[in-house]
Amino acid sequence: MRKPIIAGNWKMNKTPSEAKQLVQELVPLVADANCDVVVCTPAVNFAAVYEVIKGTNVKLGAENMHWKESGAYTGELSAAMLKESGCEYVIIGHSERRQYFGETDETVNLRTRAAVAAGLIPIVCVGEKKEQREAGYTDTLVTYQTLTALTGLTAAEVENVVIAYEPVWAIGTGLTATDEQANETIGVIRAAIRSVYGDAADKVRIQYGGSMNPKNAHGLMQKPEIDGGLIGGASLKAEDFSKVVHFE
Ligand code: PGA
């Protein structure tokens, strides 16, 4: 059995004082959660958030990281910086980074490998755009994105990676993939992982992401392939996020 994982992706929202308030409200609401709970926040909020969640079941995540250990990369953050700030997770290759900041499957792979090497758990995002689904190559695309992201990892390392299947057309739009669509494509991703890494595929947790909220979380989470959610908009309010965490 894979333990479900619900992660918030705050994106470019919340200042340190707002972030502190949000996790202060959140921690008691999710203390009894049956799943792993993660909040991924802008780096400027790490200290404020970590101070509140330290020692609780809520874990800290970053929204991106660079693959080099250090050096002349103005504006970037290293794995060591994230770890020392209390991060256990890091989102890699979110579609907004691919779309607006030139992220490629190759740099997603470099970041994923660097995260794993540093002992961080990467949440690797894959997913198709609307026109790609309509053209019928969602399965081919997510297979390529997933296997490229994982290239160079051992099966034992792959087991601990989290994949987030996020159809781009469902992010921030209020459009959700149907439970069946999400389950089916996540099944394709798991089969792709199995084709290279064998039984590690049974351990990898694969989340759904894209307008997941308190209303649709239960249905999505009933599906056998869906092991959690990456939650954008609905993670910005403690009550909403806690309802997703309590998807049962
Ligand atoms: P959304 O974002 O829940 O606001 O659609 C999800 C994501 O981008 O991770």
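One-based numbering, in listed order, for ligands and for the atoms of each.
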Q | Asp199 atom CG, neighbour heavy-atom count above 12 within 6.0 Å | A | no
Q | Any donor-acceptor N or O pair under 3.5 Å, side chains Glu128, Tyr165 | A | yes
Q) Applying a 4.0 Å heavy-atom criterion (strictly less than), which segment of Asn9 is in contact with ligand 1: side chain, backbone, both, or neither? A) side chain
Q) Any N/O of Gly232 closer than 3.5 Å to an N/O of ligand 1? A) yes
Q.
What I want to find out is whether Arg111 reaches Glu103 closely enough, with some N-O distance under 4.0 Å, to be called a salt bridge.
A. yes
**Q.** Closest approach of any protein heavy atom to atom 4 (O) of ligand 1, naming residue and atom
**A.** Gly233 N, 2.9 Å
Q. Would you say Asn64 and Leu77 make side-chain contact, with heavy atoms under 4.5 Å?
A. no
**Q.** Ligand-side contact atoms (ligand 1) for residue partner Gly210, heavy atom cut-off under 4.0 Å
**A.** 5 (O)
Q) Is any NZ, NE, NH1 or NH2 atom of the basic residue among Asp179 and Lys223 found under 4.0 Å from an Asp or Glu carboxylate oxygen of the other? A) no
**Q.** Member of Thr146, Asp227, Thr185, Asp202 meeting the side-chain hydrogen bond (donor to acceptor under 3.5 Å, both in side chains) criterion with Arg190
**A.** Asp227
Q. Strictly under 4.0 Å, does any heavy atom of Ala234 approach an atom of ligand 1?
A. no
Q. For Ala170, is the nearest heavy atom under 4.0 Å from an atom of ligand 1?
A. yes
Q: Check whether any side-chain heavy atom of Tyr50 lies under 4.5 Å from a side-chain heavy atom of Ser85, and answer yes or no.
A: no
Q: Report yes or no: does a heavy atom of Gly172 sit under 4.0 Å from some atom of ligand 1?
A: yes
Q. Can you list the ligand 1 atoms lying under 4.0 Å from a non-hydrogen atom of Glu166?
A. 6 (C), 7 (C), 8 (O), 9 (O)
Q: For His94, counting its heavy atoms only, list the atoms of ligand 1 lying under 4.0 Å from any of them.
A: 7 (C), 8 (O), 9 (O)
Q) Which atoms of ligand 1 sit under 4.0 Å from any heavy atom of Ser211? A) 1 (P), 3 (O), 5 (O)
Q | Validation row: Trp10, Leu22 side chains within 4.5 angstrom (heavy atoms) | A | yes
(Q) Give me the residue, atom name and distance of the protein heavy atom closest to atom 2 (O) of ligand 1. (A) Lys11 NZ, 3.2 Å
